[in-house]
J.: 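To start, I am sharing the structure in question, which I have written as structure tokens.
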Amino acid sequence: MLIPHDTRIALETVVDLVNTAPESAQPQDGAPADGLPGIPALHAFAARHRLSGVTELDEKDLRAVHDVRGRFAAVFAAPDARTAASLVNSLVAAAGTTPQLSDHDGYDWHVHYFAPDASIADHLAADCGMALAFIIVAGETERLRRCEAPDCRHAFVDLSRNRSRRYCSSRTCGNRLHVAAYRARRREAAG
């Protein structure tokens, strides 16, 4: 599946955003931690993903991003393409999309779907929503997944050729489960 560079970046952003939710986080001291607990974390998220036009942020922005994050999580949990499309349509419409070509920060021409003065929540809803729309239009909603490791709920987009990816990370979750299975087989063979 050929995915344009800007769409791939938006998919990485939406996955990272969804994975900041407490229900996706690894529990710490018995309770899952929110990956976006305050304004400094939201600024760091915006900087990490090079979200253009993000300057001043306040509690209203944080609440709006938490709301958008929950709505994106619902897309990953959607039982079918029709439900996912309805959720994405709602997100994108609420963001007031304004497609425009841009070539900033060393990137070649790409499309921004948010208005130039959009809030961070509308920026995320528009750009990431359109990236998810690309997946839905391509008939690839089964690529929107959650990690199959029993102790992990991270979201990911399976971009493997044969749609066979099962874990958010083959290095962490996948490797940990393979080692555990190997050790269990060894114990069974020894016993």
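Predicted model, so just to flag it, every value in this text is computed and none were measured.
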J.: Would you say Thr141 and Asp80 make side-chain contact, with heavy atoms under 4.5 Å?
T.: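 When only atoms from C-beta onward are counted, Asp80 and Thr141 do not touch, as no gap falls below 4.5 Å.
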
J.: Checking His66 side chain against Leu36 main chain: does a donor-acceptor pair fall under 3.5 Å?
T.: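 Judged by distance alone, yes, a pair lies under 3.5 Å.
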
J.: Which atom names give the shortest non-hydrogen contact between Phe134 and Ile3, and what distance separates them?
T.: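 Looks like CE2-CG1, 3.7 Å.
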
J.: I'd like to know if the side chain of Asn19 reaches the main chain of Val15, judged simply by a donor and an acceptor atom lying under 3.5 Å from each other, with no hydrogens or angles considered.
T.: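 Here the side-chain-to-backbone pair exists.
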
J.: Is Arg48 reaching over with its side chain to a backbone N or O of Arg50, donor-acceptor style, under 3.5 angstrom?
T.: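 Looks like no, no N/O pair under 3.5 Å.
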
J.: So which of Arg165, Arg166, Arg163, Arg145 actually passes side chain to side chain donor-acceptor pair (under 3.5 Å) with Asp158?
T.: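 With Asp158 as partner, Arg165, Arg166, Arg163, Arg145 yield a single side chain to side chain donor-acceptor pair (under 3.5 Å), made by Arg145.
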
J.: With hydrophobic residues grouped by side-chain heavy-atom distances under 4.5 Å, do Leu159 and Val137 end up in a single group?
T.: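 No; tracing contacts between hydrophobic side chains, which count when under 4.5 Å, never links both residues.
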
J.: Can you tell if the side chain of Cys152 reaches within under 4.5 Å of the side chain of Tyr167, non-hydrogen atoms only?
T.: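 Side-chain contact under 4.5 Å: no.
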
J.: To the nearest 0.5 angstrom, please state how far the CG atom of Leu42 sits from the CG atom of Leu17.
T.: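 One finds 9.0 Å between CG of Leu42 and CG of Leu17.
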
J.: Please give me the minimum heavy-atom distance between Arg69 and Pro22, naming the atom from each residue.
T.: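 Arg69 and Pro22 have their closest heavy atoms at NH2-CD, 3.8 Å.
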
J.: Determine, stepwise, if the pair Cys173 / Glu148 fulfils side-chain contact (heavy atoms from CB on, under 4.5 Å).
T.: CA-CA 9 Å; Cys173 289; Glu148 290 183 21; over 6 Å; no

J.: Quick check: does any side chain N or O of Asp127 sit under 3.5 Å from a backbone N or O of Leu124, one acting as donor and the other as acceptor?
T.: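 No; zero donor-acceptor contacts below 3.5 Å.
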
J.: Is the backbone N or O of Ile9 less than 3.5 Å from a side-chain atom of Thr13, with the two atoms forming a donor-acceptor pair by type?
T.: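 The answer is yes, because a donor-acceptor pair under 3.5 Å joins these two groups.
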
J.: Can you find a heavy atom in the side chain of Val54 that is under 4.5 Å from one in the side chain of Asp61?
T.: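 Heavy-atom side-chain distance check fails, nothing below 4.5 Å.
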
J.: Yes or no on side-chain contact (heavy atoms from CB on, under 4.5 Å) for Asp122 and Val68, after CA distance, side-chain angles and deciding distance?
T.: CA-CA 8 Å; Asp122 286 346; Val68 166; over 6 Å; no

J.: Please name all residues satisfying side-chain contact (heavy atoms from CB on, under 4.5 Å) with Ala73, sequence neighbours left out, ordered by chain then number.
T.: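 Checked Ala73 against side-chain contact (heavy atoms from CB on, under 4.5 Å); matches are Val18, Arg146.
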
J.: Return a table of donor-acceptor pairs under 3.5 angstrom between the side chains of residues 85-95 and protein atoms on other chains or two or more places apart.
T.:
residue, atom, partner, partner atom, Å
Asn89, ND2, Ala85, O, 3.3
Ser90, OG, Arg71, NH2, 2.7

J.: Roughly how far, to the nearest 0.5 Å, is CZ of Arg143 from CD1 of Ile135?
T.: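 So the CD1 of Ile135 and the CZ of Arg143 are separated by 7.0 Å.
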
J.: Begin from the C-alpha positions of Phe72 and Val14 and carry the test side-chain contact (heavy atoms from CB on, under 4.5 Å) through to its verdict.
T.: CA-CA 7 Å; Phe72 279 132; Val14 73; 3.4 Å; yes

J.: Please report the shortest heavy-atom distance between Phe76 and Phe156, naming the atom on each side.
T.: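 Heavy-atom minimum between the residues: CE2-O, 3.5 Å.
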
J.: Consider only side-chain heavy atoms of I, L, V, M, F, W and Y, link residues closer than 4.5 Å, and tell whether Phe114 and Leu101 are in one cluster.
T.: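 As far as the 4.5 Å side-chain criterion goes, Leu101 and Phe114 are not connected within one cluster.
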
J.: Give the minimum heavy-atom separation between Ala84 and Ala78, together with the two atoms involved.
T.: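 Between these two residues, the closest heavy atoms are N-CB, 3.7 Å.
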
J.: Does any N or O in the side chain of Asp34 come within less than 3.5 Å of the main-chain N or O of Ala21, such that one atom is a donor and the other an acceptor?
T.: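 Checked: no pair found.
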
J.: Say you draw a straight line from CD1 of Ile120 to CG of Leu51; how long is it, rounded to the nearest 0.5 Å?
T.: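 Going from the CD1 atom of Ile120 to the CG atom of Leu51 covers 5.5 Å.
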
J.: If you measure from CD1 on Ile136 to CZ on Arg82, what distance do you get to the nearest 0.5 Å?
T.: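 Rounded to the nearest 0.5 Å, the CD1-CZ separation comes to 11.5 Å.
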
J.: For the residue pair Cys128 and Ala10, what are the closest heavy atoms and their distance?
T.: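 Between these two residues, the closest heavy atoms are SG-O, 3.5 Å.
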
J.: Run the numbers on Arg8 and Val157 for side-chain contact (heavy atoms from CB on, under 4.5 Å), then give the verdict.
T.: CA-CA 10 Å; Arg8 188 176 294 268; Val157 179; over 6 Å; no

